Amino acid sequence: MTHTLHRRGSAESLADDFVVFAIAAQGFNAEGAAKKFEKFFDIVKKYNPNNFGDMRTGNSLVAGEDVIRKSFKDNSIVHAVFNDEDTVTKVLKELKEADLGLSIVVSGLVHKTDECCKKVGLEMHTVEKSLGIIGNTPRLPDESILEVTTMCGHGMIAFNLVKKLADDVKKGRTSPNKAAKEIAKQCVCGVVNIPRVERLIKAMAS
Amino acid sequence: MRVNEELCIGCGSCVPYCPMGCINLDGKAQIDLDECVECGVCFRSKVCPVDAIYEGELDELRLFRKTFSDPWIVHPSTNVPGRGTEEMKTNEVTGRFKRGYTGIAIELGRPGTGTRFYDVEKIAKACAAFGVEFEPQNPVTAIMSDKKTGKIDERFMNEKTLSAIVEFTAPNDKVVDILKSVKEASKELSTVASLEVCCRREPDGSLPMEELAKKAGFTPSLNGKVNVGLGRPLAKEE
Ligand code: SF4
Ligand code: SF4
């Protein structure tokens, strides 16, 4: 399942968009993983992610930190969103030292992620890339809307919601920050990059 | 999902939240159940001021829609929440994708259009023609009545879900032809699909899937997902 892949945008637009997440392999090392997710969460939280969440519990805005922390399960998938590669490098360094045994995946610009890995003595093991959208593409809205909605790979963010909120910002009915948070709330996993959405909404409204 | 028409005050607040655009306002909100995929967004958003949106009883087919559309649901076939699998996320532990092979996934209905299963079948059949073995730990594979041909169980053909992923691993010498065939088959789709590939990094740092994708006429994205190899125990390399 590819919830953080297929995020759209130019290299420039994606430069501040990294998700670090942890997962255990069912049938291999998942037994007792809940405790390890707690440690993972403590590490990522130290670096002030702009959003975070557990796919089993919810995101930072709806479930909140305390509920997420108390609810880890052996089949949780725990995410944290960051805006720069220096922070990702520090997070990876600490995760390597902690040696939790969970799989750690970074979603972001691959050449930047490769640099982060090399700096802390890690090697990319397996890489996944998008080859884009095929099929009946005339059904899709503008690229600017897709850049926002594809941040939630489960498709929880409606094209119409982005259009409406951008319009609300334009008409002064809400702020870009409030609009970004309303959008991020819809994504259960907490992988929407809130400052990036704020930036994109601001551009759409101007 | 349903709307209690006695409670609904017709404010329209729920309308833009629906990813399928299937809530219509005609005095009161009405959900087009044929288009609704039971994703739960309208309900979870808590946007309705009078709590008129409710799930109600779901029969087998409505539940089918929900398991593919609502990320809170854990699939019995995978024990993973959401509609897909662990794929490359745990590859250093499972050894699912080995050197010399490429993982391919085609997610029908993504982004934001949803899919019927007759469209899923078109893509599955195009891939099955190459003798691929569909990922067993995947909910789409679980509803194939013939895993050799990619045939989907008739009962689900017209059901609509937010998305559904056709997923398999192929030896590298077949990848270019498979990708070309998927592209060709996608011309017959009434929906869209997001296409992805994954592979092991070679010792020299290269990613063979990139060349293969280019040969098939695709441009691999600059961004992607990187498993950094910290999971334990490590799968044995062959
Ligand atoms: S459950 Fe999903 S598809 Fe159905 S009406 Fe609600 S938001 Fe729309
Ligand atoms: S938000 Fe509630 S009250 Fe308003 S139209 Fe939708 S169902 Fe009716």
Side-chain angles (χ1 to χ4, degrees), chain A residues 1-7 11 14 23-26 28-29 55-56 75 77 92 95-96 100-110 113-114 117 122-137 139-140 146 149-150 154-161 164 185-186 188-189, chain B residues 16-19 21 39 41 45 71-72 74 79-94 97 105 107 110-113 162-163 165 183 186 189-201 207 213 218-233:
Chain A
M1 193 259 337
T2 54
H3 59 325
T4 60
L5 196 75
H6 301 304
R7 293 161 98 101
L14 291 161
I23 178 171
Q26 298 300 312
F28 290 84
N29 62 5
M55 198 163 163
R56 298 299 313 276
N75 62 354
I77 306 177
L92 285 179
L95 287 171
K96 187 186 171 207
L100 301 174
L102 295 168
S103 292
I104 304 295
V105 179
V106 180
S107 197
L109 287 171
V110 173
T113 306
D114 192 22
C117 285
L122 286 171
E123 257 183 10
M124 300 199 295
H125 182 280
T126 306
V127 180
E128 185 168 56
K129 286 198 165 196
S130 173
L131 300 185
I133 307 171
I134 52 175
N136 193 1
T137 49
R139 285 184 64 181
L140 295 173
L146 286 178
T149 63
T150 54
H154 287 120
M156 302 284 103
I157 302 167
F159 301 150
N160 286 338
L161 183 64
K164 180 195 180 288
K185 272 188 197 171
Q186 312 310 316
V188 171
C189 304
Chain B
Y17 283 78
C18 174
C39 67
V41 171
S45 68
W72 289 105
V74 175
N79 198 30
V80 177
R83 66 198 72 118
T85 66
E86 291 169 12
E87 27 91 2
M88 54 72 76
K89 300 193 213 64
T90 53
N91 194 40
E92 79 278 47
V93 176
T94 64
F97 305 105
E107 186 163 359
R110 176 176 177 177
T113 51
L162 206 47
S163 78
I165 309 174
K183 195 183 218 175
S186 75
L189 296 177
S190 59
T191 188
V192 296
S194 290
L195 178 58
E196 76 197 45
V197 284
C198 73
C199 72
R200 279 284 273 122
R201 172 189 169 279
L207 301 167
F218 291 95
T219 307
S221 57
L222 297 170
N223 56 329
K225 262 169 31 187
V226 176
N227 177 323
V228 303
L230 283 173
R232 297 291 179 270

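All of these numbers come straight from a predicted model, not from anything done at the bench. Letters A, B, ... mirror the listed sequences (proteins, then strands); counts begin at 1.
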Using a 4.5 Å cut-off on heavy atoms from C-beta on, say whether the side chain of A/Ile134 contacts that of B/Val192. no
Residue pair [X] / [Y]: nearest heavy atoms and the distance that separates them:
| X | Y | result |
| --- | --- | --- |
| B/Gly224 | A/Val110 | N-CG2, 3.5 Å |
| A/Asn136 | B/Leu189 | CB-O, 3.6 Å |
| A/Ala158 | B/Cys18 | CB-O, 3.5 Å |
| A/Ser103 | B/Lys89 | CB-O, 3.1 Å |
| A/Leu146 | B/Pro111 | CD2-CG, 3.8 Å |
| B/Leu222 | A/Ala11 | CD1-CB, 3.7 Å |

Reported [atom1]-to-[atom2] distance for the pair [X] and [Y], which is rounded to 0.5 angstrom:
| X | Y | atom1 | atom2 | value |
| --- | --- | --- | --- | --- |
| A/Gln26 | B/Thr94 | CD | OG1 | 11.5 Å |
| A/Leu5 | B/Cys198 | CG | SG | 9.5 Å |
| A/Glu128 | B/Cys199 | CD | SG | 10.0 Å |

With chain B as the partner, which of [options] has the greatest number of non-hydrogen pairs under 4.5 Å?
| options | result |
| --- | --- |
| A/Leu95, A/Leu161, A/Asn160 | A/Leu161 |
| A/Ala24, A/Cys117, A/Ala25 | A/Ala25 |
| A/Gln186, A/Lys185, A/Lys164, A/Lys96 | A/Gln186 |
| A/Ile157, A/Val127, A/Ile133 | A/Val127 |
| A/Gly135, A/Ser130, A/Gly132, A/Cys189 | A/Ser130 |
| A/Val188, A/Asn29, A/Leu122 | A/Val188 |

Identify the residue among B/Glu107, B/Lys225, B/Glu196 that makes a side-chain hydrogen bond (donor to acceptor under 3.5 Å, both in side chains) with A/His6. B/Glu196
Most contacts with chain A, counted as non-hydrogen pairs under 4.5 angstrom, among B/Gly112, B/Cys39, B/Ala213: B/Gly112
Looking at B/Val41, B/Leu207, B/Val197, which one has more heavy-atom pairs under 4.5 Å with chain A than the rest? B/Val197
How would you list, by chain and number, every residue that makes a side-chain hydrogen bond (donor to acceptor under 3.5 Å, both in side chains) with A/Thr150, sequence neighbours excluded? none
Name all residues meeting the side-chain hydrogen bond (donor to acceptor under 3.5 Å, both in side chains) criterion together with B/Asn223; count only those two or more places apart in sequence or in a different chain, and write none if there are none. none
What do the steps show when you test A/Thr126 against B/Glu92 for side chain to side chain contact (heavy atoms under 4.5 Å, CB included), and what is the final call? CA-CA 8 Å; A/Thr126 306; B/Glu92 79 278 47; 5.9 Å; no
Heavy-atom distance under 4.5 Å to chain A: side chain of B/Leu230, backbone, both or neither? both
Could you tell me which portion of B/Thr219 (side chain, backbone, both or neither) has an atom closer than 4.5 angstrom to a non-hydrogen atom of chain A? backbone
Sub-3.5 Å donor-acceptor pair from the side chain of [X] to the main-chain atoms of [Y], do we have one?
| X | Y | answer |
| --- | --- | --- |
| A/Arg139 | B/Ser190 | yes |
| B/Arg201 | A/Glu123 | no |
| A/Lys129 | B/Ser221 | yes |

B/Leu162 and A/His154: CA distance, side-chain angles, deciding distance, side chain to side chain contact (heavy atoms under 4.5 Å, CB included) verdict: CA-CA 8 Å; B/Leu162 206 47; A/His154 287 120; 5.8 Å; no
Honestly, the part of A/Leu140 sitting under 4.5 Å from a heavy atom of chain B is side chain
Please lay out, stage by stage, how A/Val106 and B/Val228 fare under the test side chain to side chain contact (heavy atoms under 4.5 Å, CB included). CA-CA 7 Å; A/Val106 180; B/Val228 303; 4.1 Å; yes
